[in-house]
Amino acid sequence: MSKTVIYPINVEFGDCDPAGIVFFPNFFRWYDAASRNFFHQCGVPPWRETEKTRGIIGTPVVDISSRFVRPATYGDRVEVHSAIVEWNDKTFVMRHELKRDGELLAEGRDTRVFAIRHPDDPGRIKAIAIPADIRAMCS
């Protein structure tokens, strides 16, 4: 397993539904932001830079899920604890635990790939083998 990186979030009024609890798509938005933060904290350059130097445009999601345990509401300060729990040849799995004061509110998992623009059609993307140096930076 990789290191765990924490991404803090202040829950805003606009993050909530009419019942005053966080609207579920926001959890997925936070998992995605926490994923990019994870790579940043591990020393991976911004995707714009890796595209210029290595062709890597990012780590798009190919599968995602979440289990919701307890609600969050505006004014809450929460944290997403993210780690890579599985490395494969072209895919990796991240676990995200959303917590408030140490209490688990939700846990998510997403499967991602490292992608480049498809050489035959730049409008498409293509998964590549996980770069060994990036994997080492994240372990």
Side-chain angles (χ1 to χ4, degrees):
M1 188 164 79
S2 70
K3 57 182 100 177
T4 298
V5 172
I6 298 172
Y7 180 69
I9 297 163
N10 291 312
V11 180
E12 302 294 336
F13 180 79
D15 294 325
C16 300
D17 63 16
I21 61 173
V22 172
F23 186 44
F24 77 92
N26 288 310
F27 289 87
F28 295 103
R29 182 172 57 90
W30 294 336
Y31 298 157
D32 190 57
S35 174
R36 178 60 206 137
N37 179 67
F38 175 87
F39 286 105
H40 176 75
Q41 294 301 319
C42 290
V44 178
W47 300 133
R48 285 186 183 127
E49 202 173 305
T50 62
E51 183 174 14
K52 290 176 189 171
T53 60
R54 303 172 70 165
I56 298 170
I57 61 172
T59 56
V61 171
V62 297
D63 187 39
I64 191 166
S65 65
S66 188
R67 182 174 73 91
F68 304 101
V69 180
R70 303 198 48 83
T73 190
Y74 62 91
D76 284 349
R77 176 140 174 97
V78 298
E79 299 174 331
V80 181
H81 298 242
S82 300
I84 297 175
V85 296
E86 183 181 325
W87 294 100
N88 300 299
D89 292 336
K90 287 190 176 183
T91 64
F92 63 96
V93 178
M94 293 194 82
R95 181 192 69 227
H96 307 284
E97 295 179 337
L98 190 116
K99 298 179 180 184
R100 178 184 53 225
D101 298 324
E103 177 184 29
L104 182 66
L105 304 179
E107 56 187 1
R109 289 175 67 87
D110 55 43
T111 303
R112 294 172 174 268
V113 298
F114 280 83
I116 61 171
R117 296 193 189 284
H118 195 286
D120 299 330
D121 181 359
R124 295 176 45 216
I125 63 173
K126 178 182 175 185
I128 60 168
I130 294 173
D133 62 324
I134 294 178
R135 181 175 175 167
M137 295 168 82
C138 300
S139 298

Query raised in the report: What's the verdict on side chain to side chain contact (heavy atoms under 4.5 Å, CB included) for Asp110 and His96, showing C-alpha distance, side-chain angles and the deciding distance?
Result: CA-CA 8 Å; Asp110 55 43; His96 307 284; 2.9 Å; yes
Query - Asp32 vs Arg112, side chain to side chain contact (heavy atoms under 4.5 Å, CB included): CA-CA, chis, key distance, verdict - result: CA-CA 10 Å; Asp32 190 57; Arg112 294 172 174 268; 2.8 Å; yes
Requested in this report: Run the numbers on Ser82 and Tyr7 for side chain to side chain donor-acceptor pair (under 3.5 Å), then give the verdict.
Outcome: CA-CA 8 Å; Ser82 300; Tyr7 180 69; over 6 Å; no
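Using a 4.5 Å cut-off between side-chain heavy atoms of Ile, Leu, Val, Met, Phe, Trp and Tyr, with links allowed through other members, Val5 and Val80 fall into different hydrophobic clusters. Hydrophobic cluster membership is shared by Val22 and Leu105, with clusters built from Ile, Leu, Val, Met, Phe, Trp and Tyr side chains linked at under 4.5 angstrom. Grouping the Ile, Leu, Val, Met, Phe, Trp and Tyr side chains by contacts below 4.5 angstrom, directly or via other members, places Phe24 with Leu98. Val69 and Trp30 are members of different hydrophobic clusters when ILVMFWY side chains are connected at heavy-atom separations under 4.5 Å.
A salt bridge links Glu97 with Arg95: the distance from a Lys NZ or Arg NE/NH1/NH2 to an Asp or Glu carboxylate oxygen falls below 4.0 Å. Ion pairing of Glu79 with Lys99 is absent here, as no side-chain N (NZ or NE/NH1/NH2) approaches a carboxylate O to less than 4.0 Å. Ion pairing of Asp15 with Arg29 is present here, as a side-chain N (NZ or NE/NH1/NH2) and a carboxylate O approach within less than 4.0 Å. Using a cut-off of 4.0 Å between Lys/Arg side-chain N and Asp/Glu carboxylate O, Asp121 and Lys126 are scored as not salt-bridged. Salt bridge Glu49/Lys52: absent, no basic N to carboxylate O contact under 4.0 Å.
In terms of heavy-atom proximity, Glu107 sits nearest to Tyr31 at C-OH, 3.6 Å. A pairwise comparison of heavy atoms in Ile116 and Gly55 identifies CG2-O, 3.2 Å as the closest pair. Residues Ser65 and Phe28 approach most closely at C-CE2, 4.0 Å, considering heavy atoms. Listed here is the closest heavy atom pair of Ala127 and Lys90: O-NZ, 3.8 Å.
Between Phe27 atom CZ and Ile9 atom CD1 the span is 9.0 Å, to the nearest 0.5 Å.
Under a 3.5 Å cut-off, the side chain of Thr50 and the backbone N or O of Ile56 do form a donor-acceptor pair.
Within the 4.5 Å cutoff, no side-chain heavy atoms of Cys16 are placed close to those of Ile21. Within the 4.5 Å cutoff, the side chain of Arg36 has heavy atoms near those of the Pro46 side chain. Considering only heavy atoms from C-beta on, Trp47 comes within 4.5 Å of Thr59 through its side chain. His81 places none of its side-chain heavy atoms less than 4.5 Å from the side chain of Leu104. No side-chain heavy atom of Asn26 sits less than 4.5 Å from a side-chain heavy atom of Val11. Contact check for Lys3 versus Cys42: side-chain heavy atoms found under the 4.5 Å cut-off. Side-chain contact between Arg77 and Arg100 is absent, with no heavy-atom pair separated by less than 4.5 Å.
By the 30° and 60° cut-offs, the orientation of the rings of Phe114 relative to Phe92 is tilted.
Around the CZ atom of Phe39, the shell of radius 6.0 Å holds more than 12 heavy atoms that belong to other residues, nucleotides or ligands. Within a 6.0 Å radius of NE2 in His40, other residues, nucleotides and ligands contribute 12 heavy atoms or fewer.
The side-chain contact (heavy atoms from CB on, under 4.5 Å) test with Val113 is passed by exactly one of Asn88, Val61, Ile128, Thr91: Thr91. Arg109 pairs with exactly one of Val85, Ile64, Asp63 by the side-chain contact (heavy atoms from CB on, under 4.5 Å) rule, that one being Val85.
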